[in-house]
Amino acid sequence: MNTIQINFLNTQKTVSCAYGTKALELIENFGIPADQIAGVKVNNEIRPLGTSLLVNASVEPVLLDSPEGAMIYRRTLSFILAIAASNIFPNDGVYVGHSLGNSYYYTFSSGDKPKDSDVEKLAQEMQKLVKENLHITFKYISYEEAVKLFKENNQTDTALLLEQRSSARIKVNQCGGYMDIYVQPLLEKTGLLNAFELMPYGDGFLLRFPGIGKKNIIDPFTDEPQIFNVYSDYKNWGKIVGVRVVGELNSKIADRTFKEYIRIAEAHQARKLADIAGKISQKKDSLKIVLIAGPSSSGKTTTAKRLEIELMVLGLKPIAISLDNYYRGKADTPKDEKGDPDYECLEALDVPYLNEQLQALYRGEEITLPIYDFKTSSRRESGGKKIKLENNTILIVEGIHGLNDALTYSIDRSTKFKIYISALTQLNLDDHNRIPTSDNRLLRRMVRDSQFRGMDAAGTMKMWPGVQAGERKYIFPFQNSSDAAFNSALDYELSVLKYYADPLLRAVKPGRSEYAEAVRLLAFLENFMPIPPQYVPGTSILREFIGDSEFKY
């Protein structure tokens with residue numbers, strides 16, 4: 001019998017086992033209770049516990065409390081909800097929408113608004129499936145069998161997604177008699193899903209779950225009506241133009257109608273930005289400053305430049321101010337918990353000096369903008385551009401803390417207009433599998449870092465968790481205070497980003513800890529047909545990341 005060597009990294013134990021042994025059979029070697037383990041990392045690739053071990057490997061547990069474990073937990077919840085819906089409403093499935101805090105928004109596929117009793121029935125059926133502690137397995141079936149299965153189960157979006165695949169066999173997840181396409185690993189048993197809630201909301205309901213690191217605690221619901229409305233508007237637009245899921249986008253690429261779709265998507269986004277400019281213009285007698293903020297790779301810089309044009313069309317005179325020039329410098333920047341300079345915190349900026357200059361502008365005085373030299377990590381307050389507020393002049397300030405009134409504490413709220421921007425894609429892979437908006441932004445960031453900053457994909461992925469932590473701390477808590485929200489996502493962009501990101505991700509080797517994320521993103525991008533970058537307009541937000549923009553940065 002062939003044997004292989006398995007090294008358990010967290011306990012420094014090495015065991016010999018038979019070729020093909022499942023990771024689940026060796027779980028006691030982790031020295032961790034089984035109910036705390038969501039999956040296993042095999043040679044830096046995240047796999048389900050039912051994975052057969054076929055080579056010598058270093059393994060480590062993926063804990064439920066970890067970010068990766070939390071995503072496995074949430075995907076499994078969505079899977080169980082799909083089973084519950086199939087059992088209770090066999091003629092009317094559920095359709096996953098966008099995230100809303102620590103929740104996913106669902107609607108009925110029919111479009112009918114669910115009754116409170118319907119939501120309660122679904123919750124009870126999910127609880128029943130959890131109590132039964134059913135096994136969740138994965139296997140391969142033939143391509144023809146998969147297409148037939150999904151069409152018979154009215155999963156037409158999933159069947160359409162398979163048209164992009166050319167593999168003779170398709171991986172599926174199975175629980176009891178229910179099967180769905182395998183997208184990412186799931187939990188090994190339903191009994192681990194001991195914390196969730198279903199809550200009626202809008203024209204659908206929310207599937208609520210614990211936040212990362214919160215164990216079984218589900219925080220009180222915090223509504224985000226402005227973000228929800230942006231999502232819903234975009235989702236409805238997707239239905240109108242016939243691109244709700246990736247399979248429909250692939251169809252447009254395959255039949256060569258994607259160029260018209262790109263023009264429509266860009267025009268729709270331009271219209272939304274023009275609407276925001278119109279709101280600003282309506283308040284031009286009182287407004288003096290527009291503040292733009294959003295998470296990393298939202299396209300804030302291009303949005304600010306395009307907003308300037310829209311405001312000039314309406315007779316206003318925008319002047320852009322970069323918050324980067326108000327950094328205090330490395331020596332005066334607060335330290336994070338690791339002792340490194342924390343450039344993300346508000347105190348990294350010279351907020352008093354910014355407010356001093358803003359007050360001078362409000363008094364009608366001319367000021368000289370400071371200049372920050374990133375090479376020397378120092379600021380000089382002379383030699384910069386001189387500006388003055390005149391009739392119809394409006395300041396545009398773009399930066400991470402724009403929505404936080406502590407940034408502009410001396411400025412009257414009535415003279416400020418705050419815009420929250422993010423890439424809120426409305427596309428789904430299919431009716432049960434959503435596309436996280438953070439994946440969209442990560443791919444943008446990865447491509448931009450490679451194009452303009454000389455950083456490889458592993459470097460971007462390594463710093464991404466810290467970037468997200470800063471967003472949760474400094475941006476998301478203030479998004480509901482904005483006067484407008486702008487969606488910078490373009491539903492065709494992932495097909496363009498694939499053109500750049502695919503080779504970058506393939507360059508990440510198994511020895512790197514970031515390999516697991518690279519494998520996940522490659523599997524995700526496999527669902528998209530590529531679009532050559534030459535079809536992206538020069539003024540598109542996407543050009544900020546792939547290059548050749550008509551704007552200067």
Side-chain angles (χ1 to χ4, degrees), residues 277 280-281 283-294 299-334 341-419 421 452-453 474 544 549-553:
I280 294 170
S281 180
K283 300 180 179 180
K284 63 183 180 181
D285 293 336
S286 60
L287 289 179
K288 294 292 184 183
I289 184 171
V290 174
L291 297 142
I292 301 175
K300 297 183 289 295
T301 304
T302 303
T303 300
K305 290 181 178 295
R306 288 175 55 173
L307 181 62
E308 287 184 55
I309 295 173
E310 296 289 352
L311 292 173
M312 285 189 281
V313 169
L314 298 174
L316 296 173
K317 302 174 184 177
I319 297 176
I321 294 179
S322 174
L323 286 178
D324 286 352
N325 287 322
Y326 289 89
Y327 274 117
R328 291 182 177 275
K330 185 175 182 179
D332 297 319
T333 299
D342 184 2
Y343 294 112
E344 303 292 311
C345 70
L346 181 63
E347 292 74 19
L349 298 172
D350 192 342
V351 176
Y353 183 60
L354 170 66
N355 281 266
E356 178 185 322
Q357 289 212 310
L358 290 177
Q359 285 292 331
L361 287 171
Y362 272 46
R363 292 193 299 267
E365 299 172 14
E366 182 180 80
I367 69 165
T368 300
L369 293 174
I371 299 175
Y372 188 81
D373 188 334
F374 282 90
K375 292 182 179 179
T376 62
S377 297
S378 61
R379 187 185 73 214
R380 55 188 173 89
E381 297 172 5
S382 61
K385 182 180 178 182
K386 295 182 183 296
I387 63 170
K388 183 179 181 180
L389 290 186
E390 300 174 347
N391 289 336
N392 287 341
T393 300
I394 192 161
L395 297 173
I396 296 181
V397 179
E398 174 256 307
I400 184 174
H401 298 288
L403 302 184
N404 185 353
D405 281 324
L407 175 73
T408 51
Y409 61 83
S410 68
I411 303 303
D412 191 296
R413 178 64 176 91
S414 65
T415 68
K416 294 186 270 189
F417 190 92
K418 298 193 285 187
I419 303 173
I421 174 174
F452 306 115
R453 300 176 182 179
Y474 300 121
E544 182 177 329
S549 175
E550 293 182 14
F551 296 109
K552 291 185 179 181
Y553 300 106

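In what follows, every heavy atom counts, from backbone to side chain, and hydrogens, waters and symmetry copies are set aside. Keep in mind that what you see is a predicted model, and the values were worked out from it rather than measured.
Applying the side chain to side chain contact (heavy atoms under 4.5 Å, CB included) test to Asp412 and every residue at least two apart in sequence or in another chain returns Ser414, Thr415. Partners of Tyr353 under the side chain to side chain donor-acceptor pair (under 3.5 Å) rule, at least two apart in sequence or in another chain, are Gln357. Checked against salt bridge (Lys or Arg N to Asp or Glu O under 4.0 Å), Glu365 has the following partners two or more places apart in sequence or in another chain: Arg363. Qualifying side chain to side chain donor-acceptor pair (under 3.5 Å) partners for Glu381, counting only residues two or more places apart in sequence or in other chains: Arg379. Listed by chain and residue number, Lys416, Lys418 satisfy the salt bridge (Lys or Arg N to Asp or Glu O under 4.0 Å) test with Asp405 (two or more places apart in sequence, or in another chain). With sequence neighbours left out, Lys300 forms a salt bridge (Lys or Arg N to Asp or Glu O under 4.0 Å) with no residue at all.
Distance check: Glu544 CD to Lys305 NZ gives 9.5 Å after rounding to the nearest 0.5 Å. Atom-to-atom distance recorded for Asp342:CG and Glu347:CD is 8.5 Å, nearest 0.5 angstrom. Between atom CG of residue Leu314 and atom CD1 of residue Ile309 there is a gap of 12.5 Å, rounded to the nearest 0.5 Å. Rounded to the nearest 0.5 angstrom, Lys288 NZ and Leu389 CG are separated by 6.0 Å.
Distance alone, capped at 3.5 Å, is enough to place a donor-acceptor pair between the Asn355 side chain and the Tyr409 backbone. Ser281 places no side-chain N or O within 3.5 Å of a backbone atom of Ala277 that could act as its donor or acceptor partner. In this structure, the side chain of Glu344 does not engage the main chain of Tyr474 through any donor-acceptor pair within 3.5 Å.
In this structure the side chain of Leu354 never reaches within 4.5 angstrom of the side chain of Leu349, judged on heavy atoms. Annotation: side chain of Leu323 is in contact with side chain of Leu407 (closest heavy-atom distance under 4.5 Å). No side-chain heavy atom of Phe417 sits under 4.5 Å from any side-chain heavy atom of Ile289.
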**Report entry** Working for side-chain contact (heavy atoms from CB on, under 4.5 Å), residues Phe551 and Arg306
**Finding:** CA-CA 9 Å; Phe551 296 109; Arg306 288 175 55 173; 3.5 Å; yes
Query - Residue pair Val290, Leu395: steps toward the side-chain contact (heavy atoms from CB on, under 4.5 Å) verdict - result: CA-CA 6 Å; Val290 174; Leu395 297 173; over 6 Å; no
Report task. Might you work through the side-chain contact (heavy atoms from CB on, under 4.5 Å) test for Ile321 and Ile396, ending with a clear yes or no? Result -> CA-CA 6 Å; Ile321 294 179; Ile396 296 181; over 6 Å; no
Report task. Show your working on side-chain contact (heavy atoms from CB on, under 4.5 Å) between Leu346 and Asn404 and close with a plain yes or no. Result -> CA-CA 9 Å; Leu346 181 63; Asn404 185 353; 4.0 Å; yes
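Taking every heavy atom of both residues into account, Asp324 and Tyr372 meet most closely at O-CB, 3.4 Å.
Using modelled atom types, one finds no donor on one side chain facing an acceptor on the other under 3.5 Å when comparing Thr393 with Lys317.
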